[in-house]
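Shown next, in structure tokens, is the structure this report addresses.
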Amino acid sequence: TLAGHVTIGDNVILAGLVAVHQFVSIGQHAFVTGGSLVRKDVPPYVKAAREPLSYVGINSVGLRRRGFVSEKIREIQDIRKGLCIRYNNDIFKIIEFLHVKPGKGPAFVRTKLKSVTSGKVLDNTFSGGSKIEDVRVETRSYQYLYAEGDTYHFMNTDDYNQITLAESALDAPGLLKEGQVVTILFNTEDAMPLSVDMPASVILEVTYTEPGIKGNTATNATKPAKVETGAEVNVPLFINEGDKIKVDTASGSYMERVKE
């Protein structure tokens, strides 16, 4: 319990906080975990830092009204594809992961992380007992309009406002078709867009490939094909120009021919 002219400095970690009462000043980048706020509204004499305080497992109503930000600390078993985390003073999106349980020693997770600020991809292993800081995100539907160089233009499907994103924010820009509706993840702390989630698959028309071999339905032999977005996909030999194919956006691989 904190009450009566208490000052919490910068970068402080508090565990098991039960209540915040009066005349408490909280520094920048402080972190609070456990317990609950007794009061539903944080009183006005609790001074928020210029930069958000993080809190976990406490009553969020009052703190949210005072401009504090909730962050969730997760265990490594919570790691999943698409999760956005804070790591090395940056925000990363998990694009691949593998849980490993060795015969001896603690479990660990191999991951491939993509920076949402630079697009840089790195490999990282989280050992057993590691904690990861989950970035709270909000998802919104946007329609892809067009690209200018490495800048991509999207329109909100609800209010029609437009935003632009760098190509590095997209996982599969080569498969993005004009008019495609995607999900864009926004950081709830500052409303900045983090990344673009494509549908699991897209249907695209083949604009160029070598002529197919009639009657050849084998799928183990492939050839390159260019689709309407400009991307190249390896397709079975029986695929022809004008055919529409379903493509896996995660791997960029051919799934099946689509008959209309």
Side-chain angles (χ1 to χ4, degrees), residues 11 13-16 29-35 52 54-58 60 69-139 165-176 182-189 192-202 219-220 222 231-235 246-256:
N11 303 299
I13 299 176
L14 298 176
H29 302 295
F31 180 80
V32 177
T33 178
S54 294
Y55 61 89
V56 170
I58 65 176
S60 63
V69 175
S70 172
E71 304 289 357
K72 185 173 183 180
I73 303 299
R74 295 177 178 265
E75 307 287 343
I76 62 169
Q77 60 264 30
D78 296 322
I79 288 177
R80 56 180 169 77
K81 186 176 180 179
L83 184 69
C84 291
I85 64 172
R86 296 188 189 278
Y87 179 72
N88 280 356
N89 299 315
D90 198 358
I91 297 177
F92 288 86
K93 181 180 178 180
I94 298 173
I95 55 177
E96 291 182 16
F97 73 97
L98 176 66
H99 288 274
V100 180
K101 293 183 178 180
K104 294 182 179 180
F108 58 90
V109 182
R110 293 193 182 102
T111 63
K112 193 178 290 290
L113 309 175
K114 180 179 180 181
S115 168
V116 301
T117 55
S118 67
K120 181 180 179 181
V121 176
L122 58 86
D123 295 316
N124 186 73
T125 298
F126 291 96
S127 58
S130 297
K131 305 291 185 182
I132 55 174
E133 186 178 349
D134 179 8
V135 177
R136 291 174 62 88
V137 299
E138 176 185 348
T139 59
L165 293 174
E167 187 176 279
S168 60
L170 285 72
D171 293 334
L175 299 177
L176 196 55
V182 298
T183 300
I184 298 182
L185 280 64
F186 289 81
N187 187 342
T188 57
E189 182 177 326
M192 291 296 292
L194 297 177
S195 67
V196 177
D197 279 353
M198 294 274 289
S201 62
V202 291
T219 57
N220 55 342
T222 62
E232 188 174 279
V233 180
N234 287 325
V235 299
K246 181 182 287 188
V247 181
D248 186 320
T249 56
S251 62
S253 59
Y254 168 90
M255 298 177 68
E256 62 181 354

Evaluate the side-chain proximity of Ser130 to Phe108: yes if any heavy-atom separation is below 4.5 Å, no if none is. no
Work out which heavy atom in His99 is nearest to a heavy atom in Phe97; give both atom names and the distance. CD2-CE1, 3.4 Å
Once you round to the nearest 0.5 Å, how far does CD of Glu138 lie from OG1 of Thr183? 12.0 Å
Distance check, rounded to the nearest 0.5 Å: Leu194 atom CG versus Leu165 atom CG? 10.0 Å
Using every non-hydrogen atom in the two residues, find where Phe126 and Ile79 come nearest and quote the distance to one decimal. CD1-CD1, 3.7 Å
Heavy-atom closest contact (Asp90 atom, Ser115 atom, distance): OD2-OG, 2.7 Å
To the nearest 0.5 Å, atom CD1 of Ile94 lies from atom CD1 of Ile132 at 5.0 Å
Point-to-point distance, once rounded to the nearest 0.5 Å, from OG1 of Thr139 to CZ of Phe186: 10.0 Å
Starting at OG of Ser201, measure out to NZ of Lys246 and round the result to the nearest 0.5 Å. 4.5 Å
What one should report as the nearest heavy-atom pair of Ser168 and Gly119 is CB-CA, 3.7 Å
Strictly by salt bridge (charged side-chain N to carboxylate O under 4.0 Å, His left out), give each pair with a member in residues 95-113 just once, sequence neighbours left out. Lys112-Asp123
Taking all heavy atoms of Ala172 and all of Met198, pick out the closest pair and write down the distance. O-CE, 4.0 Å
For Val137, the option from Leu185, Asn187, Ile91 that meets side-chain contact (heavy atoms from CB on, under 4.5 Å): Leu185
Nearest-0.5 Å distance that lies between atom CG in Asp134 and atom CD1 in Ile85: 8.5 Å
Which atom of Leu175 lies closest to which atom of Gly252, heavy atoms considered: CD1-CA, 4.1 Å
Taking the side chain from Ser253 and the backbone from Asp248, do they hold a donor-acceptor pair closer than 3.5 Å? no
Does Asp171 pair with Lys93 as a salt bridge, N-O distance under 4.0 Å? yes
Could you walk me through whether Leu122 and Phe92 satisfy the side-chain contact (heavy atoms from CB on, under 4.5 Å) test, starting with their C-alpha distance in whole Å, then the side-chain angles of each, then the deciding distance to 0.1 Å, before giving a yes or no? CA-CA 10 Å; Leu122 58 86; Phe92 288 86; 3.6 Å; yes
